[in-house]
Amino acid sequence: MAEFHSKIKTIEWINNYSKMVDQTVLPYEFKYVNITSGQEMYDAIKTMIVRGAPAIGVAGAHGVVLYAQELAKENLSRDEFAKRLLEKADYMATSRPTAVNLMWAVEKQKEIIKNSTADIKGIVEELKQNAIKMENDDIEINKKIGDYGAEVVPKGATILTHCNAGGLATVGYGTALGVVRSAFANDPTIQVFADETRPRQQGARITTFELTMDGIPTTLITDGMCSYFMKKGMIDMVVVGADRIAANGDAANKIGTYTVAIAAKYHNIPFYVAAPLSTIDTSIKTGDEIVIEERSRDEVTHINGKIICAESVNVINPGFDVTPHELISGIITEKGILRPAYTKSIAEAFRL
Ligand code: MRU
């Protein structure tokens, strides 16, 4: 059996550049790209060569190292170096607006820039080591999420997931798909239903790719089909990832997740969100404060470069929606499964 998660790192720091899987060409092609400048990293995040909240967090951290390497060559004073690098870090954090892991990771790098007592070379090295630590921590955290989540997967369950919260959305193993992987290791009779996830088709292109590579039985359905299969009793639970979770448990994830959560509630099916604590933004009280990315009209009007609608039609393309906390059975984190009332359980998890 091909072990996708143990062989492939979505993003990795190599000597003085960042190596990542190009997710825009999956599943037709599996290739890596080397990102060698800060601006290239900004563009890679924006154009979704790298995507998924934890993966773009690490990408943002790598991006700050790349900018640091560039500025280190400019003969600046240490103060000027730090000032310019902090500005570049802020710019990096604006490459996508919804996933808070990006801002979280860039903020961690900014703390090093502000607090380090090292010279310029030393700061670059500290930033690099911190980025590498984030990569390693990400995999460890996902395995913990997977193992906690596996405890609530019924024997022989069919798990519905939306978008891709897998190894390719993280450095490896995945959050929602980490739960699937850990559950499958104990019980090979489980299976996955993967929503296609229009418009970017992360479910079809990426989730089915990585799960079938790991030999996990997977059925692809289109986004509108979930309630049909729920009514038929064919879905036992839903597990999705998240891009940002507010202090009250409201969770932003790929557009369409909210619909799945409503359908799950109606059919009495447990709906779990799997995410690291770095996805929880305790600075915001509710999901109303989450900025939702607006993406280009072509993502909706075209499939594989071909127009699929009247050329002049109006289009709105929000990348994410917010599932209200009332619809969420539990938030699976590296500190265990948080249950309602989330304001209390989230605050406690941060104290642990
Ligand atoms: O636009 P994307 O592909 O970056 O969106 C990804 C998602 O919505 C994922 O479900 C989320 O980031 C969690 S990834 C572990």
Side-chain angles (χ1 to χ4, degrees), residues 5 10-11 20-24 26 44-60 95-105 138-139 141-146 149 159-181 192 194-207 209-211 223 238-245 251-261 271-281 287 290-296 299-300 317-323 328 331-334:
H5 70 82
T10 302
I11 177 164
M20 59 175 70
V21 176
D22 180 350
Q23 302 197 38
T24 60
L26 285 172
I45 297 171
K46 200 173 182 63
T47 60
M48 295 171 68
I49 288 174
V50 60
R51 35 83 32 213
I56 66 173
V58 171
S95 48
R96 288 190 79 186
T98 305
V100 75
N101 308 63
L102 173 61
M103 296 78 185
W104 174 87
D138 178 79
I139 297 176
I141 287 169
N142 292 337
K143 287 191 172 156
K144 284 186 187 152
I145 291 174
I159 304 170
L160 175 75
T161 192
H162 189 77
C163 193
N164 173 264
L168 284 160
T170 59
V171 178
Y173 205 71
T175 56
L177 297 193
V179 173
V180 167
R181 286 198 162 94
V192 172
D195 276 350
E196 175 193 22
T197 319
R198 274 282 286 153
R200 298 278 301 210
Q201 295 153 312
Q202 291 94 329
R205 293 193 304 106
I206 304 173
T207 294
F209 174 81
E210 64 166 271
L211 289 182
D223 298 343
V238 179
V239 187
V240 296
D243 289 81
R244 193 186 294 231
I245 300 172
N253 191 48
K254 182 53 53 194
I255 192 78
T257 304
Y258 181 22
T259 310
V260 177
F271 178 97
Y272 286 94
V273 172
L277 290 185
S278 55
T279 302
I280 302 181
D281 183 354
I290 299 174
V291 178
I292 301 294
E293 178 179 27
E294 273 294 330
R295 297 195 59 90
S296 83
E299 290 185 349
V300 180
N317 184 17
F320 301 90
D321 56 27
V322 177
T323 298
I328 301 172
I331 301 174
I332 307 165
T333 74
E334 69 271 33

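Position 1 is the first residue of the sequence, and the numbers go up from there. Just follow the structure's listing: the first ligand is 1, and inside any ligand the first atom is 1. In what follows, every heavy atom counts, from backbone to side chain, and hydrogens, waters and symmetry copies are set aside.
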Looking at ligand 1, would Met48 count as a contact under a 4.0 Å heavy-atom criterion? yes
Does at least one non-hydrogen atom of Arg96 fall below 4.0 angstrom from an atom of ligand 1? yes
Any idea which atoms of ligand 1 are less than 4.0 Å away from a heavy-atom of [X]?
X	value
Pro54	14 (S), 15 (C)
Ala165	14 (S), 15 (C)
Ala53	12 (O), 14 (S)

Hey, does [X] come in under 3.5 Å of ligand 1, counting only N/O atoms on both sides?
X	value
Thr170	no
Cys163	no
Gly241	no

Checking contacts here: is it the side chain or the backbone of Asn164 that comes within 4.0 Å of ligand 1, counting heavy atoms only? Could be both or neither. backbone
Checking a contact table here: which protein heavy atom is nearest [atom], and how many Å away?
atom	answer
atom 11 (C) of ligand 1	Asp243 OD1, 3.2 Å
atom 15 (C) of ligand 1	Thr175 OG1, 3.1 Å
atom 14 (S) of ligand 1	Ala169 CB, 3.4 Å
atom 13 (C) of ligand 1	Ala242 O, 3.4 Å
atom 5 (O) of ligand 1	Lys254 CE, 3.3 Å

Under the salt bridge (charged side-chain N to carboxylate O under 4.0 Å, His left out) test, residues paired with Glu293 that sit two or more places apart: Arg96, Arg295
Sorted by chain and number, sequence neighbours left out, salt bridge (charged side-chain N to carboxylate O under 4.0 Å, His left out) with Arg200 holds for Glu299
Under-4.0 Å salt bridge between Arg205 and Glu210: no
Between Asn164 and Thr207: side-chain donor-acceptor atoms closer than 3.5 Å: yes
I'd like to know whether OH of Tyr272 has more than 12 heavy-atom contacts from other residues, nucleotides or ligands below 6.0 angstrom. yes
